[in-house]
Amino acid sequence: MTMSGVTMSAMTMSTPGLTLKKLVIGYLHPLLEPLSIDIHAGKTLAVLGPSGCGKSTLLATIVGMTPALSGSIILNGRDISNVPIHQRGIGLVFQEPLLFSHLSLVDNIAYGLRAAHVDKEIARAKADELLDWVGLSSIKHQRTWEISGGQAGRVALARALAPNPQALLFDEPYSALDNETRLRLSQEVRDLLRQRNIPAIHVTHDRIEAESVADQLLVLP
Amino acid sequence: MRRAWIVPVIFFATFLIYPLFVLARTAWTADTLVSLTSSSTWTVALIASAQSVLSVGLSLAIGLPIAGVLSRYQFQGRSFLWALVTVPFVLPTVVVALGFQALLGGLFEPGLILVVLAHAYINIAVVVRIVGAQWSAINPHQMVVARTLGSTPWRVFRTITIPNLTPSILASACVVFVFSFTSLGIVTILGDGSTTRTLEQVILRQSSVLLDFPGALASAILQLVVVSSALFIAARSRGTALTLRTGNSTRTHYLIRITSKKTGLWVFTIASLAGVFVVAPIASIVWASLSGRDGFTLGWWISLQDSSDAFSRLGSPLHALGLSVVLAIFTALTAAFVGGAIAIAVMGRNPFIAFLSLIPLGLSAATVGLGTLLAFGRAPIDLRASGVLIPIAHALVAVPLVVALAAPVLRAADPRRMFVASSLGASPNRAWWTAYGNVIRMVMLAAGGLAGAVSLGEFGAATFLARPDSPTVPIQISKLLTRPGEQAYATAAVLSVTLIIATLTLMLIVDRMNSKVRL
């Protein structure tokens, strides 16, 4: 299916999770033509395109960092176009892990739960579980700067998942990882998103990575 | 080049360690211990501590919003504002004191309020530089991640920004505390003699008026302990700040574009207030030098040559200017020579020299001056009449600043250039000079300029070492301010404006030198 310079493929027909309706992104001036996309629960949209084409601006707009010029963003039936970032329920994983270096690994993961006023001990217990899920329980006492880039990336993923987001956005999350870790982690994340019915957008400039994670593909010019 | 460390070792041994030894030998008696435990000494220390805590509080209250604006946002005039807030730090303390007297003297009596305001004025740059470096290294995407995890902007500030900044805030607070605790020029001119006393003032009075050297030594020891403790905490905090910084990101600087009107208004307001706060005292001095009973006049500037007749036993202002310039030149030459040698030693990863060069920071200028006076200002070695003591003392005071300025540049110099030069057939010395010559030359010039600026405004050590009939400009300004009459005040203002121009010119040259260094 071709949409005014935007190419999409393989759309499924389950319940919509995240919907972009005639969304126009950009700073003062539109970067792309209006986007209309449904990303169904548990599915991943891979956004592929060269540097500067607007991939990151698209994520910034959906997450609420940058206001949309027009159009709307619907998440599970709710229009979140004007909702503040912290109330959107969208998790974000950047290329850099961006761990909070003044916090322990467990407290990094528990951060979102604490923001939701979950009891400290309960939050830490859940963070422990997630740390175990990403296979890092053996290094839980290390500081953020003592772990490898791949390990930090996995902690960042666990942190984003902890508060049970309704959607997840990935901005080239695996680009700092080696091929083996990248493939394994992307497969695990894909399974998890399906299992939890979380719609996701995965931005990358790597076609192989895009094809390996995508249920839908959006190619930006 | 491997023996460059000999120069600073000889310099510090002769002009720092030996004078301190003489000071200790001369003044250390049973009375020193009595003074050290006396309630009067500790009362002054407590008064100085309280004043310093207030100065720290106000410096942070003013400096933190400025640091936030300068280190977070990209806006027009940002570089200019960055340079502007550095100006108060390089101005002579007596000039700052006069600025606040001229600006707010009609509103406030001399005392704690004026002293704390002037200390905050000087130390904005300390807060902005130390905290700003940490703030600008926080990746803005971290804030976004925290927001997506459900945090309000206030919670992000409380749980991410503040914990990241805390070590650098503590470090800057300690440095401001040290500068306020050892203040002399400002408390002498703006203080009330009771709520604003510092140990530095006590050392000066005990050694030059009361001739109570054991008491002066006791005060110096107590001050050294307090200052060293504060600097130790500052160093530890800066270490923690660096760990957090490098743990956060590989980049050291992130600037955010201003995208909302609300943010733009906030940035504009803070930047404007900062500009007014920095410029107002300087403008007040300039106005004081250009105004008389009948309004605008150039009379005070024109009559500078003749005004010496009006001030008995103070000497000619022009003579003081000439003396200060000559002393600044000799200080610059001394500091450039010693600073260059230290630079080479620091590049050679000689931690002992780096440590040695920081010792004067822990000592007060008055202690350095007193030690130098006792060691070289009387028989059998009386160099006081030769005029070399002030440049040496000023060079000692300036060396820690020179090292702070030059060390990062030197450590960043790429040693591989030396190997490249060697592989191309250069002799060891030639290869070394090819790799480091440009940096060393620039560091020596910058060190000379910085030390010259320090010398022009230095007050503490010069108070001991300058002859009463031949004062330096800062001393003459402080004395003029104790004289009654419009002419004395206006002459002090004219001299201050001259010092401001000379100091800022030198700092501009230093800045240009620094920016020219290509590694």
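Numbers restart at 1 for each chain; the letters A, B, ... are given by sequence-line order, proteins then strands. Note that the structure is a prediction, hence the values are computed from the model and not measured.
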A/Phe100 vs B/Val145, test: side chain to side chain contact (heavy atoms under 4.5 Å, CB included). Steps then yes/no.
CA-CA 10 Å; A/Phe100 308 133; B/Val145 167; 4.3 Å; yes
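Here the side chain of A/His86 pairs no donor or acceptor atom with the backbone of B/Ala146 at under 3.5 angstrom. The main-chain N or O of B/Gly150 is never found under 3.5 Å from a side-chain atom of A/Gln87 such that the two would form a donor-acceptor pair.
Paired with B/Thr148 under the rule side-chain contact (heavy atoms from CB on, under 4.5 Å), one option of A/Ile85, A/Leu168, A/Val93, A/Ile90 passes, and it is A/Ile85.
For A/Asp191, the CG atom is densely surrounded, since the number of other residues' heavy atoms within 6.0 Å is greater than 12. Summarising the local packing, CZ of B/Arg158 is surrounded by more than 12 heavy atoms from other residues, nucleotides or ligands at distances under 6.0 Å. The number of heavy-atom neighbours closer than 6.0 Å to CH2 of B/Trp266, taken from other residues, nucleotides and ligands shown, is 12 or below.
Under a cutoff of 6.0 Å and an axis angle of 45°, B/Arg155 and A/Tyr111 form a cation-pi pair.
No side-chain heavy atom of A/Val63 sits less than 4.5 Å from a side-chain heavy atom of B/Arg147. Residues B/Thr152 and A/Pro84 have side chains not in contact (no heavy-atom distance under 4.5 Å, counting atoms from C-beta outward). Under the 4.5 Å side-chain criterion, counting only non-hydrogen atoms from C-beta, B/Asn139 is not in contact with A/Phe94.
The choice from B/Pro163, B/Ser260, B/Pro153 that makes the most heavy-atom pairs within less than 4.5 Å of chain A is B/Pro163. Most heavy-atom pairs under 4.5 Å with chain B: of the set A/Arg159, A/Arg143, A/Arg88, this distinction falls to A/Arg159.
Heavy atoms closer than 4.5 Å to chain B are found in the backbone of A/Ala160, but not in its side chain. The contact between A/Arg114 and chain B is made by backbone and side chain atoms together, counting heavy-atom distances below 4.5 Å. Heavy-atom distances place both the backbone and the side chain of B/Thr159 under 4.5 Å from chain A.
Heavy atoms only, all atoms of each residue included: A/Leu99 and B/Gln142 are closest at O-NE2, 2.7 Å. The two residues B/His141 and A/Leu98 make their nearest non-hydrogen contact at CB-CD1, 3.3 Å.
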